Structures are given as structure tokens and as C-alpha cells.
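Computed from a prediction, not measured in an experiment: that's the story for all the values here. Side chains are part of it too, since the values below use all heavy atoms of this structure and drop only hydrogens, waters and symmetry mates.
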Amino acid sequence: GFAALWAGQTLSQVGFQFQTLAMPVIAVTLLHATEADMGFLNAANTAAFLLVGLLAGGWVDRMRKRQVMIVADAVRAVAICAIPVLWSMGILAVWHLYVIAGLIGVATVFFDVGYQSYLPILVPSEQVGRANGVLEGTAQIARLGGPSVAGALLTIVAAPWLMLINAVGFACSAVLLGGIRDDERPRPVGERQRLLVEIREGIAFVVGQPLLRVLVTSTMLSNLGSTVIFTLLTLEVLRDLGLAPELLGVVFSAGAVGGIAGALFASRISERLGEGPSLRASTLLGTVGVAGFAVAAYLPSAGVLPTLMAAECTTSLAVVVFNMVQVTARQRLCPPPLLGRMNASIRFVVWGVMPIAALLAGWCGGL
């Protein structure tokens, strides 16, 4: 079962790298998006975590998580196909991207809540950390080559058509998930309480755990700042600094080098330093990394690309180490019946701040 999950996520992550590059390139170069437009686009992409995140946790805990993930993959594949269709008809507009990003965001909320809650069901508890490492390492390897390949393809293929590769990745993930056989059983109806009561149980568990309270606060503040940066990064690179889209792909691929290193060594770092020191060190390293994106704007042209690549690499290393350590700690702390609601409660806060930060970025960038 884990092998099928791993294979599906590999294909999905490879396809996602094309979306990561193609979507902002479509907005900036084809639809001439402004700072405000990019703020709205990024807000639409993440708004679902704020709007339906808590409800998703309650619903997912009542359903078979694998089925939730299959439906979410199918919805994302269909929604993405709308972009090349609208482009071929000559009617693609920025507001279409808002709607499509919003639909993908809602499906992603359900997939991610189910995904993080399904892994402890699929593998023994003592192997959850290793399983997270394998999945995260694969995602970073996909990031290593995906953006560069996507950037190269942009020189010969229009960006909207690249989105089809992402749709294929999600479709393959759904098929592979459908072949998994597990022993998960939804909770009997007689054991359930009202949805709002169960949601409150998830929130109470997070609030009642000192470690989780610190992790949620730290991650929320980190996401607030990084969302502001990455909402405007495509405009900085393509418009203000004048780099070609394929070089933006090179920057994203450089981040995968740091991400792979983080995935390989996060468990060892945590074992050597301890979870708390590892989280503090990775947070401080991330601070250094994101500062590089601002510094690059004031350097001579020869230093711009290397600085952006170093900033992306350092940031990715820090983020992957932080996420792997804290996700493993969360999964180990939480009883299985609460996993969906615990993950949803945390994501409601740490991802729910992102659409607010994206709108803030668009407003500030416009000034």
C-alpha cells in the first residue's frame, strides 16, 4: 500500500512542478497580471484552508481517507484541464485563474488532511518518520528537475499546455490510490457526535498540547512572511529583474537541492540535536534564506541569479527540516481517531493566514 501511495505522490509531485512554474508565468507574461492580481491569485489558491479547513477535518475523520484523496485528485485533474481549454478558445482571463485556483485549493485541503491522517494508518507508528522522509525526499527530487524541464519546455510550448502534465499526474495518483487495499473502517455512526462538537475536540487537543501550540504559532508567523515574499517573487524575477521564465525554473530547481538535503538529513539532525533545537535551528536558517530574495534586487546583474538560487536552496533546506520534524512529532502525539481534526485545526491557522498574507502582498506591492 505504501508503495502505491509513494508512486502516486511521485507522479503527482512531478506534475505539480509544472503548475508551480506555469501558473504564475501565465498570469504575468500572458495575462499581464499586476501586483494586486498576483495577490488575488495566491489568495484564491490558499483561501480554502481558511474557509473550509476545519470542516474538512471533521468530515475526513468520518470517511475513508483513501476515498477522499481519490476524489480530490480527480477534481484537481479536471479543474486544471480548464486552463488550456479556455486558452485555446482565446477567452482565458485572470479571473478564470482565480476560480480554478480556488477549486484546486478546496480539493487540496481535503487531500492534504486525508493524506497526513492516512499515513499512520498505512504504516506502523515506528515507521511513520521514515515514511515521511521517503515521501518528502521524493517530492524534493521532483522539484530538482521539474521546474528546469518546465522552463525549457516554455521555450517551445505555451504555458497553458504545460498544465496538462499536472492533470495527468493527479489522474495517475487517483488510479494508484484506487489499487490500495487497507483495513481502515470509518467510525460507526453511533459513535459520532455533532460535527461542530467533533471539530471542537480537534481544536481542544491542539490547544491543550504545549508543543503543538508553539509549532502552530511559529509556523503561522513563518507562513505569513514567506507568502508575502513568494506572492511577489515571480513579478520580481520576470518583470523587475528581467530574467527569462526558464531561469525562474532554474531558481526553483536550486531550491530542490536544499530540499533533498533536508529530506535526507532531517531525521539524523533531529536524533543528534533533539526535536526542539532542530526546529529552532531550521527556523533561523530559513530567516537567512528568505532575506536573499530581497538582497538580489539590489545586486549587479551578474550576482542576481546566483543569489536567488542560494536563497531558494537555503530556504528549502530549512523548510523541509522544520516540516519533517514537526509533522512527525504531531503524528506521534495524536490518537488516530483525532488525526484528521488535529491536522485540519493546525492547517486552518498555519495555512489560513496565507490568503490574508497574499492580499497584503498585492496591496503593499501596488504601493
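Shown here are the side chain to side chain contact (heavy atoms under 4.5 Å, CB included) partners of Trp363, two or more places apart in sequence or in another chain: Leu360, Leu367. Checked against salt bridge (charged side-chain N to carboxylate O under 4.0 Å, His left out), Glu275 has the following partners two or more places apart in sequence or in another chain: Arg332. Every side chain to side chain contact (heavy atoms under 4.5 Å, CB included) that Ala174 has, sequence neighbours left out, goes to Ile70, Asp73.
Counting only residues at least two apart or on different chains, the side-chain hydrogen bond (donor to acceptor under 3.5 Å, both in side chains) pairs with a member in residues 33-46 are Thr34-Asp37, Glu35-Arg239, Asp37-Tyr98, Asn42-Thr231. Applying the ring-ring contact (aromatic ring centres under 6.0 Å, His included) test to every pair with at least one member in residues 207-232, sequence neighbours left out, gives these pairs: Phe230-Phe293. Applying the salt bridge (Lys or Arg N to Asp or Glu O under 4.0 Å) test to every pair with at least one member in residues 262-274, sequence neighbours left out, gives no pairs at all. Judged as a salt bridge (Lys or Arg N to Asp or Glu O under 4.0 Å), not a single pair has a partner in residues 84-106 (not counting sequence neighbours). For the salt bridge (Lys or Arg N to Asp or Glu O under 4.0 Å) condition, no pair includes a residue of residues 207-216, sequence neighbours left out. Among residue pairs with one or both ends in residues 292-301, none qualify as side-chain hydrogen bond (donor to acceptor under 3.5 Å, both in side chains); sequence neighbours excluded.
Connectivity analysis of hydrophobic side chains (ILVMFWY, heavy atoms under 4.5 Å, direct or indirect) links Val175 to nothing; its cluster partners are none. Under a 4.5 Å side-chain heavy-atom criterion applied to ILVMFWY residues, the cluster that includes Val295 comprises Leu299 as well. Under a 4.5 Å side-chain heavy-atom criterion applied to ILVMFWY residues, the cluster that includes Leu176 comprises Leu11 as well.
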